[in-house]
Protein chains: 2
Amino acid sequence: MSSSQPRDRGIPEATVARLPLYLRALHGMAERGVATVSSEDLAAAAGVNSAKLRKDLSHLGSYGTRGVGYDVEYLVYQISRELGLTQDWAVAIVGVGNLGRALANYGGFVSRGFRVAALVDADPEVVGDTIAGLNVEHIDELEAVIKRRGVSIVVLAIPAAAAQEVCDRVVAVGVTSILNFAPVVLSVPETVDVRKVDLSIELQILAFHEQRKAGGPLMAVDSQ
Amino acid sequence: MSSSQPRDRGIPEATVARLPLYLRALHGMAERGVATVSSEDLAAAAGVNSAKLRKDLSHLGSYGTRGVGYDVEYLVYQISRELGLTQDWAVAIVGVGNLGRALANYGGFVSRGFRVAALVDADPEVVGDTIAGLNVEHIDELEAVIKRRGVSIVVLAIPAAAAQEVCDRVVAVGVTSILNFAPVVLSVPETVDVRKVDLSIELQILAFHEQRKAGGPLMAVDSQ
DNA sequence: AGCCCTTTGTGAACCGATGCACAAAGTCAG
DNA sequence: CTGACTTTGTGCATCGGTTCACAAAGGGCT
């Protein structure tokens, strides 16, 4: 391996979004004791086509062996490192309604280098409760908690009306990565990354396609 | 406008994915009594740029007025119709853990033409409970419930290990739209639409970018 | 009615992502 | 050591989506 790989710079966004998928498939294989996997098989397990998978992996470097495939363990490590999962990320969840609880208990985080380091809520009724082994703290303590625990990623699982205000507060104390479940467009400085998950949007997209299948208003004959 | 609009056929997937966003912004405006909105303002409210918004809307038809903008009510109706939200969709949620409960209680569904028509779970402990006004039914009743309630969209909020089996069963009784929260790639006939939401994937993508900002392993100097 | 101003709708250039198809690189058997 | 076989990594064509920039369309003022 030469000293100047084109490795790091400019991994396409579309590729980044798929790496976690590959990682998941690889973890499954590692557990089942698979040592080596071809692009064909891994692609199938991840639900993509093999050319795409190979191109994606080629952006990280040349980690396969022609004629053989990829070493599962090694690839897990490389992808993890690329995604930054070899370090430990402290996550704070703001809002411990049903969604916040679901997230706090979600095993998929811990196993990927994410550590739920704090739970925060505004409701005095739940402040002080223990959820998933963590004490729920009051929203007034938000800034202090983030600093004290070294939180770098904040998850917003709160009502839309409160989201922008909380967002502003966490940005003000230096958080630059936010996962937003509230159905609002957050306005943030461009140095801050916001990813959003809107549960109802996914359903609406399904409804659109379902309507087509069922024969929409004009019952378009679908050639496909 | 002639009798053959290019309206229905071939709305780009990327556009479909944004329509719910516009719809949300428009609902907010309607509530605040705004009668008319320009592409510039609506785009800002939805968090996209105005050229994209205009092109998206142009795929549905010519619903704006030059020099004025779009009538909010009318546009709400047109987008709703296009997405199929003018009809009532019966949704079944399988799995009433924290996530399932969060979904069952989520107000964003009801207000968009979705009706949670059934809750199903395998745990005898929760079967029979009432959640969000609905009786939780046993997974053995899955097929019967789907038929009886006319369910056309199924949400899977169950552990990964159970997902494929439940998926096969709902597909077998004719469901063709599935929203999957389990971290597995479901295999389905190509007539079935599956959308997936993986909470940990979003965090991993954030971690990737966060790592860059913080200065990754090689502290690449980002020109941007 | 005529003119000016605003804003839409869209042609065209651009950009990134996808998929094909194959040469390069490696393994393994004999 | 050689040759057949497998599978990666990638150049290239293609496609879908984004953005620019402007002509066309309408409103409203005088």
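On a predicted model such as this, the values are computed, not experimentally measured, just so you know. Quick note on labels: first sequence line is chain A, next is B, and so on, each numbered from 1.
Residues forming a side chain to side chain donor-acceptor pair (under 3.5 Å) with B/N180 (at least two apart in sequence, or on another chain): none. Here B/Q164 pairs with B/D168 under the side chain to side chain donor-acceptor pair (under 3.5 Å) rule; sequence neighbours left out. Qualifying side chain to side chain donor-acceptor pair (under 3.5 Å) partners for B/R66, counting only residues two or more places apart in sequence or in other chains: none. Remark: A/S152 engages no residue in a side chain to side chain donor-acceptor pair (under 3.5 Å) (not counting sequence neighbours).
Under the salt bridge (Lys or Arg N to Asp or Glu O under 4.0 Å) criterion, no residue pair touches residues 32-55 of chain A, with sequence neighbours excluded. Among residue pairs with one or both ends in residues 170-201 of chain B, none qualify as ring pair (Phe, Tyr, Trp, His ring centres under 6.0 Å); sequence neighbours excluded.
Protein chain B contacts DNA chain C from C/dT6 to C/dA12, reading 5' to 3' and using non-hydrogen atoms of the protein with a distance under 4.0 Å.
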For nucleotides 16-18 of chain D, which of its nitrogen or oxygen atoms have a protein nitrogen or oxygen under 3.5 Å away, and what is each distance?
| unit_1 | atom_1 | unit_2 | atom_2 | d |
| --- | --- | --- | --- | --- |
| D/dT18 | OP1 | B/R18 | NH1 | 3.0 |
| D/dT18 | OP2 | B/R18 | NH1 | 3.3 |
| D/dT18 | OP2 | B/R18 | NH2 | 2.8 |

Find every protein N or O atom lying less than 3.5 Å from an N or O atom of nucleotides 13-15 of chain D, and list the pairs.
none

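Applying the 6.0 Å contact sphere to CD of B/E73 captures no more than 12 heavy atoms from other residues, nucleotides or ligands.
A salt bridge links A/E82 to B/R212: one of the charged nitrogens lies within less than 4.0 Å of a carboxylate oxygen. We find that B/K147 and B/E143 are not joined by a salt bridge, their nearest charged nitrogen and carboxylate oxygen being 4.0 Å or further apart.
Heavy atoms only, all atoms of each residue included: B/G47 and A/V185 are closest at CA-CG1, 4.1 Å.
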Could you list the donor-acceptor pairs under 3.5 angstrom formed between side-chain atoms of residues 153-161 of chain A and any protein atom two or more places apart in sequence or on another chain?
none

Please tabulate, one pair per line, all N/O donor-acceptor pairs under 3.5 Å involving side-chain atoms of residues 89-104 of chain A, not counting sequence neighbours.
| unit_1 | atom_1 | unit_2 | atom_2 | d |
| --- | --- | --- | --- | --- |
| A/W89 | NE1 | A/G84 | O | 2.6 |
| A/R101 | NE | A/V96 | O | 2.9 |
| A/R101 | NH2 | A/V96 | O | 3.3 |

Base-contact (B) and sugar-phosphate-only (S) positions in nucleotides 2-7 of chain D, heavy-atom cut-off under 4.0 Å, - elsewhere: ----BB
